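Since this is a predicted model, take the numbers as computed values, not measurements. Residue numbers count from 1 along this sequence. As the structure lists them, so they are numbered: ligands from 1, and atoms in each ligand from 1.
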Amino acid sequence: MGEHEHDAMLWQPLDGQKVRCHLCGHECVIAAGKYGLCRVRENVAGALKTLSYDAVVAVNVDPIEKKPLFHFLPGTNSLSVAAAGCNFQCEFCQNWQISQSPRTGQIAGGQAISPEQIVSAAVNHDCVSISYTYTEPTIFFELAYDSAKLAKAKGLGNCFVSNGFMTPLAVETIAPYLDAINIDLKAFRDETYRKIMKGRLEPVLTCLKALVAADIWVEVTTLLVPGMNDSPEELGDIAGFIAKELGTSVPWHVSRFHGDYRMTEAPSTPLETLNLACRIGKQAGLKHVYCGNVAGQADESTYCPACGEKLIDRTGFTIRSNHLIDGKCSQCGEKLAGVWSLEGK
Ligand code: SF4
């Protein structure tokens, strides 16, 4: 048994010692002795195991704005944790050293940190939530699930930052403990998902709808990669999907791309493209569109959708002032969509 090996959740046995994993949209069928596409789940003699259960590769205290989650307990800190691996292989990944390492032979790596230790660290560092982030929480689901359950019992919130390739079953399983999620909607073309991410679009859209239906607070991020997803038509498709299928109160973060991993030569996103995406989002009826990764060049504040008052004055990850009163506009009383307190959650 490997150092970080642990029984996996959400799988079923098939004939001939094969198993099917139901954690993500790949739904891998895995023969005995073989791995799933993520390389962190292995069929050991007919039973699925995770190889990265407590293999923690990053622990940091981050402002919640860094996730980004702008309508979830603004101005608070979130203990951010990750285990190695990912179910996607995005050519522009900004965390490829830890997300892709299991594919380069380092099966798990990381430091053995238990759910109890994660929750204690959050409490000791005055964090009001735990974020499962940097890599893909779907594939370190068991660690996230066990930690989230303990965290909830202590009154802490739980947040995922995810590519949204979770199955509806995975959403249903984590839903009682998950308060908020930021999903990367990386494109609106299935061929882009297949070619650049080695994933598919449809499971991401299904997951987003399931999260909203489960009453989990959802924010969406799109990294604008020049030539990949930044045409006005595709941006309009993304904004239209969010507005019609998820709701006009769901915040959309459009974020600036800088070359990384296998796309180091690609140009950074021009500011005009970010401004165009913001305009398209607003034309689609979205109430909150934010431009990210453009320090000092875009307004990242939150405005009242009813009267236009600036309610949360934000620069980068810093909150300069917050004029919300119990989640309502201090000027006109409009209730702003979001999670402003964990009371009653
Ligand atoms: S998490 Fe996804 S990629 Fe990994 S084994 Fe399960 S279905 Fe396959």
Note the single closest protein heavy atom to atom 2 (Fe) of ligand 1, along with its residue, its atom name and the distance in Å.
Cys24 SG, 2.3 Å
Can you report which non-hydrogen protein atom sits closest to atom 3 (S) of ligand 1, along with the distance?
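For this ligand atom, the closest protein heavy atom is Cys38 N, 3.5 Å.
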Just jot down the ligand 1 atoms closer than 4.0 angstrom to any heavy atom of [X], in number order.
X: Ile139; result: 1 (S)
X: Glu27; result: 7 (S)
X: Cys21; result: 1 (S), 5 (S), 6 (Fe), 7 (S)
X: Gly36; result: 5 (S)

Could you check if a side-chain atom of Leu37 sits within less than 4.5 angstrom of a side-chain atom of Asn87, using non-hydrogen atoms only?
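Of all side-chain heavy-atom pairs linking Asn87 with Leu37, none is under 4.5 Å.
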Find out whether the Lys NZ or Arg CZ of Arg314 is both under 6.0 angstrom from the six-membered ring centre of Phe70 and within 45° of the ring's axis.
yes
Can you tell me if NZ on Lys18 sees more than 12 non-hydrogen neighbours from other groups inside 6.0 Å?
no
Can you establish whether the number of heavy atoms outside Asp326 located under 6.0 Å from its atom CG is more than 12?
no
So, is Cys28 placed with an N/O/S atom under 2.8 Å from atom 4 (Fe) of ligand 1, counting both backbone and side chain?
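Given the 2.8 Å cut-off, Cys28 does not count as a ligand of atom 4 (Fe) of ligand 1.
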Lys/Arg N to Asp/Glu carboxylate O, Arg200 vs Asp190, below 4.0 Å:
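Answer for the salt bridge query: no.
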Between His288 and Tyr303, is the ring centre distance below 6.0 Å?
no
